[in-house]
Participant: 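Please see the structure below; I have some questions.
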Amino acid sequence: MSDIILETRDLTKHYGGVHALEGANFTLRKGEHVAIMGDNGAGKSTFVRQITGVEQRTRGEVIFDGKPVNFAGPLDAREAGIETVFQTLALADALDVPDNLFLGREKTKFDWLGPFRILDYKSMRNDTLAALTKTGVKIPNIRNTIQNMSGGQRQCVAIARTATFHSKLTIMDEPTAALGVQETAQVENIIRTLKEQGEPLILISHNMRQVFDLVDRIVVFRRGRICANLRKEDTDGQDVVAYITGAKTQPEYADAA
Amino acid sequence: MSDIILETRDLTKHYGGVHALEGANFTLRKGEHVAIMGDNGAGKSTFVRQITGVEQRTRGEVIFDGKPVNFAGPLDAREAGIETVFQTLALADALDVPDNLFLGREKTKFDWLGPFRILDYKSMRNDTLAALTKTGVKIPNIRNTIQNMSGGQRQCVAIARTATFHSKLTIMDEPTAALGVQETAQVENIIRTLKEQGEPLILISHNMRQVFDLVDRIVVFRRGRICANLRKEDTDGQDVVAYITGAKTQPEYADAA
Amino acid sequence: ENIGVSMALFDDNFLTVLRNGIQNFADDMSDVDVQIEDAQNDVAKQLDQINNFIASGVDAIIVNPVDTSATQAMTAAAEAAGVPLVYVNRQPINVDTLPDNQAFVASNEIESGTLETFEICKNLRAAGKGGGARAYVMMGELSNQAAVQRTKDVHDILGTDMCNFITIVDEQTANWSRDEAQDLMTNWLSAGEPFDAVIANNDEMAIGAIQAMKAAGIDMASVQVGGVDATQDALAAMAGGDLDVTVFQNAAGQGSGALNAALKLARGEDVDQKVYIPFELVTPANLGDYFSKN
Amino acid sequence: MADTTHGTGGLTFDKSKRAWPNEINVFGALVLIVLIFEGLGFALMGQSFLFDSNGRFDSIFNEQRLRIIILQVAIIGIIAIGSTQVIILGGIDLSPGSIVGVTAMVAMSFAQVAEVNGYPNPKALFGPAFMDLPVIVPIVVAILCGLAAGLVNGLLIAYTRIPPFIATLGMMVAARGAAKWWSKGQPISFPTDSYAAIGAGMKPVIWFVLLAILFHFILKFTIYGKHTYAIGSNEDAARMSGISVDRHKVLVYTIAGILAAFAAVVLSSKNLTAQAGMGVMYELDAIAMTVIGGVSLSGGRGSIVGTVLGALIFGVIISGFTFLRLDAYYQEMVKGVIIVGAVVLDQWRQRRSAARM
Amino acid sequence: MADTTHGTGGLTFDKSKRAWPNEINVFGALVLIVLIFEGLGFALMGQSFLFDSNGRFDSIFNEQRLRIIILQVAIIGIIAIGSTQVIILGGIDLSPGSIVGVTAMVAMSFAQVAEVNGYPNPKALFGPAFMDLPVIVPIVVAILCGLAAGLVNGLLIAYTRIPPFIATLGMMVAARGAAKWWSKGQPISFPTDSYAAIGAGMKPVIWFVLLAILFHFILKFTIYGKHTYAIGSNEDAARMSGISVDRHKVLVYTIAGILAAFAAVVLSSKNLTAQAGMGVMYELDAIAMTVIGGVSLSGGRGSIVGTVLGALIFGVIISGFTFLRLDAYYQEMVKGVIIVGAVVLDQWRQRRSAARM
Ligand SMILES: Nc1ncnc2c1ncn2[C@@H]1O[C@H](COP(=O)(O)OP(=O)(O)OP(=O)(O)O)[C@@H](O)[C@H]1O
Ligand SMILES: Nc1ncnc2c1ncn2[C@@H]1O[C@H](COP(=O)(O)OP(=O)(O)OP(=O)(O)O)[C@@H](O)[C@H]1O
Ligand SMILES: OC[C@H]1O[C@@H](O)[C@H](O)[C@@H](O)[C@H]1O
Ligand SMILES: [Mg+2]
Ligand SMILES: [Mg+2]
């Protein structure tokens with residue numbers, strides 16, 4: 001078996017006249033942590049949405065765990081083993097924290113009741129407290145609804161959700177954008193734990209320090225195209241910025257210039 | 001006339017059992033740039049919402065430009081001269097960029113027509129291009145609707161909106177959270193320009209570097225209370241983190257411990 | 001005495017005349033109070049209204065049934081509570097098994113459509129069209145029994161030897177409404193089919209048809225138009241030479257008759273259990289007799 | 001509820017200040033309205049509204065009044081149990097009234113007796129082979145009707161993504177047409193005794209209460225309920241979290257259809273007849289009950305308990321009007337005002353309690 | 001449109017690939033439906049639907065058909081112009097049908113003639129002092145009725161924050177009650193000639209078209225329009241951006257009320273009578289036209305042009321059915337299907353064109 005967990009070939013997405021993603025060739029090895037960087041609007045989230053089936057791609061292939069896949073929706077992607085923290089968080093505003101954490105995979109009893117099986121509230125509540133502690137967030141009352149939470153509290157709930165379940169691949173789209181100093185540190189610890197456990201990760205981030213602290217490799221997007229693929233050892237912050245701004249382009253990605 | 005543009009006395013907000021903001025005494029001088037820092041859920045955005053009339057406070061006073069104020073809504077606050085970039089951005093998803101930039105203060109012709117006065121689309125479009133250039137954001141088509149924009153593009157639109165209009169006080173709640181490296185630099189330039197023009201600013205940010213680059217003074221919130229008020233010259237990153245995490249508390253704010 | 005009245009619906013021309021008949025008659029008596037409810041064409045609401053009357057302890061109840069097949073349940077409810085009950089205007093399905101303290105004052109819808117259609121048939125013959133004539137039929141609301149019955153009457157008459165020279169071009173509902181009838185007639189006209197008569201289930205629709213035909217420049221003398229109800233608007237249209245046939249139903253008479261029966265039953269007196277008020281044909285010939293009736 | 005403060009990061013939460021459950025507000029409105037009628041009753045009629053003021057009953061209450069208050073809303077209440085779920089889901093259903101109409105017609109056709117008072121049934125629709133059938137036949141037929149209609153609603157809404165307002169408006173028009181077409185507008189009457197027993201006396205109330213309890217439990221404690229709330233709260237989020245939103249929607253609308261069909265059975269049994277116009281506007285009353293009961297039209301919030309209280313408010317109002325001998329014209333005008341008033345009151349209480357410290 | 005690529009940061013935008021305006025899709029649906037009726041017409045009736053197949057007219061078209069297609073939807077179309085604005089605002093209005101009812105009654109009471117055929121007006125409601133009044137009186141009275149009803153809707157929705165569905169449902173019930181109460185259910189007939197002229201012949205169409213053009217312009221080019229779209233798109237954002245959302249809502253609902261009142265004038269004039277039951281269900285037809293025309297029920301999107309096309313689709317369908325002599329039962333069933341079908345078609349086209357490269 002190959003050691004490549006995810007590969008995209010010529011992955012492309014156009015929205016009407018907007019070419020948001022163009023011919024992305026990307027590979028991720030098992031156990032590898034890769035960062036995606038790039039300007040606002042460079043196509044990073046679009047890339048994630050094509051892989052996870054949130055949208056249907058214009059063309060190209062996605063090969064996950066050795067098989068070509070074409071997820072009809074994020075549910076399929078999750079069932080195949082991809083856990084994602086979306087930039088838009090995907091939380092149900094009127095529900096409380098445990099409900100959100102277990103959304104779509106509630107713990108239940110009497111499973112023979114099918115859609116009417118009974119929820120195991122108590123056990124979900126306990127697991128929630130444990131999961132939140134990992135992210136270090138402070139929430140006065142986890143039975144409060146999400147709409148009453150601060151921006152950072154929401155983001156922590158979304159991350160706790162992903163971190164609670166094992167997966168073959170984790171994708172995080174700007175997971176610490178709204179987080180405070182302490183919470184950011186905690187989330188970075190979560191990511192380090194994934195690394196130790198050998199779980200592969202795609203991290204989208206604008207935070208240079210964080211990227212250099214956490215990942216093995218940096219892929220740079222510009223105007224919908226990949227323009228650089230850099231091993232951490234071979235580059236530094238200045239160099240990455242040069243790729244992001246278009247001052248530099250790697251020869252193999254020349255058409256992105 | 002005093003040189004204090006904004007003062008709050010005992011400003012407090014409770015949501016049911018959640019004490020989100022408790023007895024905040026805060027002052028801002030004309031021309032001064034102040035940062036508010038603190039953990040997620042510390043009450044920073046709540047503080048902003050009480051000042052700008054988005055919510056009605058539980059108790060306390062707000063004195064703006066020498067007069068006690070009690071804004072019924074953000075419209076009042078803006079008319080009084082407070083421009084705000086909210087953490088939730090406040091953009092109309094189905095409208096395009098110029099529409100959003102001029103939302104609530106459209107340029108019009110034939111003003112005697114009252115609510116039926118005619119929109120001056122052309123001039124708004126031109127001004128929009130100019131305003132966006134200031135933020136350095138790349139948007140392929142400004143006539144695209146906001147819902148089709150990336151997270152960072154949205155944030156830039158919200159900032160451009162605030163930066164386009166002169167005001168007595170500007171408040172920005174985590175304005176660069178979703179921004180890329182270049183866009184962040186541009187927004188920081190906008191803030192510097194405000195400083196040069198002597199316009200006062202409250203900046204909420206989790207970014208230590210940014211805060212130390214831009215502001216004169218740092219106020220730290222913890223669990224709904226102010227726990228430190230630090231002149232930039234008298235402190236450093238480590239020190240601020242100590243206040244945020246609760247390792248330190250200034251003596252005058254001892255009850256926040 | 002306190003009398004509860006449940007009308008099938010309020011916003012109906014004919015039933016309004018009937019309702020006002022009851023109200024005026026009651027107002028003329030010193031110690032009679034009527035409380036009139038609107039069942040809004042809902043059988044279930046009507047049954048509930050009867051139960052509410054019972055809970056409030058009225059002395060007798062008058063019902064103008066929404067659905068004459070739904071009267072069994074109403075009879076049972078009133079009987080169980082020992083409250084007298086009188087049906088008005090529409091003949092209840094259980095008319096032959098009514099308990100002693102119940103009665104009805106009603107008309108038989110079989111007559112209305114029959115009188116109307118037969119008169120039109122005669123007129124067409126007299127106009128020399130006995131060799132073949134074509135008619136459009138406008139129906140009332142399809143869920144309404146008067147509409148169903150009157151339409152059936154049309155078919156029955158046109159099935160007789162005397163009138164089977166008339167064929168129906170098309171038959172559609174205009175929901176008792178003048179407005180819908182105008183549109184329906186105009187739509188029919190745009191097909192360009194020749195026709196000699198419009199037979200409508202009520203006057204409002206007949207008037208709508210007339211308005212549409214006049215707007216299209218059709219000579220009203222060349223078309224027979226019939227309705228039912230003999231409303232003031234219809235009588236005016238007949239006086240103007242546009243409407244040819246309508247059928248009068250004595251609304252005020254039915255109303256006062258029902259109230260009388262209810263009062264007698266409440267006082268324990270004997271009444272005729274079935275009072276039957278016939279429909280009357282109205283044509284330009286006897287038009288004058290009806291101007292002040294409805 | 002567990003004894004923890006439900007907080008993380010060492011934060012505490014002052015539980016005594018928690019906002020009231022919304023149902024308490026609705027209950028308050030109900031009590032208020034009853035008191036108003038009591039007051040007006042004594043002032044205007046010299047009588048009590050709910051109590052037995054002239055010794056007609058053995059108990060201290062006017063039992064007939066209590067019974068009719070709930071009886072007259074029980075059937076629409078059954079529909080409202082479905083509407084509640086649809087609205088929590090973030091949808092709307094305009095079709096139950098018409099589903100009632102067509103289902104009543106179809107079911108009743110399989111519930112007719114062969115002979116009435118020794119004569120053949122004058123309203124017979126089918127031949128003798130289809131008469132005097134066991135009661136299970138019309139019930140199954142009705143459930144199938146409701147299931148089919150609800151399923152079509154659900155499939156349209158889930159898979160073509162047209163707004164529920166439109167899908168169910170289409171069903172409302174089409175099903176009413178089908179009701180009229182079934183017997184060409186003729187009412188269908190004279191059901192078997194066993195069919196007549198389903199909705200006799202206070203039975204409709206029993207069905208309503210049983211169904212309310214059942215669905216209260218289902219909404220609060222099963223995965224079906226949780227997903228209903230989750231989808232209503234944020235459909236995209238529910239989808240991204242891996243809930244099979246489309247399948248769930250189909251299920252909820254189908255259940256609403258079945259409940260409407262069951263209401264049709266009870267209704268036609270109670271009235272001993274079925275006619276094509278049955279159930280007109282019931283959907284609006286059901287929605288009004290639901291919203292008066294505190295279910296949010298934007299989805300994600302509400303409960304069956306609220307809806308039951310909303311139904312009672314309706315029942316009290318209708319009976320109160322008759323009690324006060326209010327003219328029917330004014331009744332409608334006042335009913336409009338009360339629908340609005342009840343919701344305004346509820347919103348106002350909610351906002352006040354949110355603003356409380 | 002300007003010639004720039006509307007991009008910043010040196011980005012370009014491929015304008016040729018821009019999605020079709022939605023109205024084109026609706027227009028496509030209209031053409032499709034017409035073609036279906038043409039096809040069926042030739043197959044079943046041996047006649048053309050829109051063309052003059054038996055030489056009755058001077059032109060190549062069946063002029064009567066063209067006229068009735070638009071005439072029969074013109075009055076509801078006037079209401080739909082209001083519904084369009086309310087729906088773009090993110091609201092819904094269930095009251096216009098009842099506003100039509102009450103306004104027609106009230107306005108007509110001030111438009112009666114004293115004498116009919118030489119006899120005193122048999123339907124006279126007021127004394128002679130209020131008869132034979134100049135036509136401006138009933139018109140002003142009508143506008144005031146509509147304004148009042150719309151204002152109440154708007155104030156309730158804006159300031160008590162109850163859902164529009166409920167506020168306008170209350171108005172729907174209350175205004176219908178008022179319509180019945182006004183003359184105790186008596187129809188009011190025999191208007192003056194000048195009143196009768198307002199809705200005579202093709203006048204309703206002229207009013208509809210004029211109002212459609214006016215409001216198309218207002219929605220596209222004035223601040224009123226922009227704020228309507230903005231509030232419908234994101235009410236909170238509109239509020240935070242400093243739009244006086246509440247005042248604007250009041251304005252929009254008031255305009256919808258006035259349009260309904262004007263429709264009542266045209267309707268009662270066209271019919272030469274006013275009845276308490278007038279306008280029942282018009283609101284649903286108006287909403288259906290609007291949504292078929294591509295206005296999104298979630299607000300922020302749509303146009304008057306779409307609504308006009310939606311109204312035409314309705315008109316074509318009604319005429320087409322009569323043309324094919326489809327039984328009324330089937331008509332209703334098929335109408336339900338078409339309401340749904342038109343919207344499904346539109347959504348499908350939109351999604352396909354969004355998915356196009
Ligand atoms: N409407 C509300 N109802 C109940 N609790 C609320 C509400 N809004 C905010 N809170 C709570 O108040 C506290 C302060 O929230 P706030 O949004 O001010 O935090 P913040 O400092 O801006 O955090 P962040 O950095 O994550 O944006 C949080 O614990 C939050 O859960
Ligand atoms: N549904 C859509 N329709 C049209 N254009 C879209 C749509 N979604 C995204 N875009 C455009 O595609 C481009 C890429 O967007 P994307 O969200 O992938 O950016 P990003 O790299 O994630 O940026 P950020 O760092 O700001 O999150 C942007 O120009 C955006 O405006
Ligand atoms: O039920 C409604 C109908 O009732 C009839 O008796 C009347 O003739 C019709 O005009 C119509 O009003
Ligand atoms: Mg992104
Ligand atoms: Mg915040």
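So you know, we letter chains A, B, ... as the sequences are listed, proteins then strands, and number each from 1. FYI, side chains are in, hydrogens and waters are out, and symmetry mates aren't considered; it's all heavy atoms of this structure.
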Participant: What's the separation between atom CZ in D:R301 and atom OG1 in A:T145, rounded to the nearest 0.5 Å?
Facilitator: 7.5 Å
Participant: Measure across A:A94 and D:S233 and return the closest heavy-atom pair with its distance rounded to 0.1 Å.
Facilitator: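 Nearest heavy atoms, A:A94 then D:S233: N-OG, 2.7 Å.
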Participant: Given the options A:T52, A:V97, A:I118, which has more heavy-atom pairs under 4.5 Å with chain D than any of the others?
Facilitator: A:I118
Participant: Given a strict heavy-atom distance threshold of 4.5 Å, which part of D:S296 is in contact with chain A: side chain, backbone, both, or neither?
Facilitator: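 Neither part.
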Participant: Counting only heavy atoms not in D:F27 (residues, nucleotides, ligands), do more than 12 fall under 6.0 Å from its CZ?
Facilitator: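 Count not over threshold, so no.
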Participant: Find the distance between NZ (D:K220) and CG (A:L119) and round it off to the nearest 0.5 Å.
Facilitator: 11.5 Å
Participant: Take A:L113 and D:T222 through the test side-chain contact (heavy atoms from CB on, under 4.5 Å) and record every step on the way to the result.
Facilitator: CA-CA 9 Å; A:L113 284 167; D:T222 73; over 6 Å; no
Participant: Report the residues that fulfil side-chain contact (heavy atoms from CB on, under 4.5 Å) with A:K107, sequence neighbours left out, ordered by chain and then residue number.
Facilitator: A:F102, A:D120, A:S123, A:M124, A:D127
Participant: Where does A:R117 contact chain D at under 4.5 Å (heavy atoms): side chain, backbone, both or neither?
Facilitator: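 Answer is both: backbone and side chain atoms of A:R117 are under 4.5 Å from chain D.
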Participant: Please report the shortest heavy-atom distance between A:A92 and D:A230, naming the atom on each side.
Facilitator: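 Where A:A92 meets D:A230 most closely, the heavy atoms are CB-O, 4.2 Å.
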Participant: Using a cut-off of under 4.5 Å on heavy-atom pairs, state which of A:D99, A:T108, A:I146 scores highest against chain D.
Facilitator: A:D99
Participant: Side chain, backbone, both or neither: which part of D:I223 has an atom under 4.5 Å from a heavy atom of chain A?
Facilitator: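 Both backbone and side chain.
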Participant: Please flag which part of A:F110 lies under 4.5 Å from any non-hydrogen atom of chain D: side chain, backbone, both or neither.
Facilitator: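 For A:F110, there is no contact with chain D at all, as no heavy atom is under 4.5 Å.
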Participant: Do the rings of A:Y121 and D:F221 sit parallel, tilted or perpendicular, given the 30° and 60° boundaries?
Facilitator: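 Geometry flag for D:F221 against A:Y121: perpendicular rings.
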Participant: Relative to chain A, which of D:R239, D:H227, D:E235 shows the most heavy atom pairs under 4.5 Å?
Facilitator: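 That would be D:H227.
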Participant: Ignoring hydrogens and geometry beyond distance, is a side-chain donor-acceptor pair present between D:S241 and A:R105 at under 3.5 Å?
Facilitator: no
Participant: Would you say CZ of A:R209 has more than 12 non-hydrogen atoms from neighbouring residues, nucleotides or ligands within 6.0 angstrom?
Facilitator: yes
Participant: Given that the side chain runs from C-beta out, which part of A:E79 has a heavy atom under 4.5 Å from chain D: side chain, backbone, both or neither?
Facilitator: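 When you check distances to chain D, no heavy atom of A:E79 falls under 4.5 Å.
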Participant: Any chance you could measure A:N100, atom CG, to D:N234, atom CG, to the nearest 0.5 Å?
Facilitator: 9.0 Å
Participant: Mind checking which of residues 70-77 of chain A sit less than 4.5 Å from chain D, heavy atom to heavy atom?
Facilitator: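 Expected list: A:P74, A:L75.
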Participant: If every non-hydrogen atom of D:L251 is compared with every non-hydrogen atom of A:P115, which pair is closest and at what distance?
Facilitator: CD2-CB, 3.9 Å
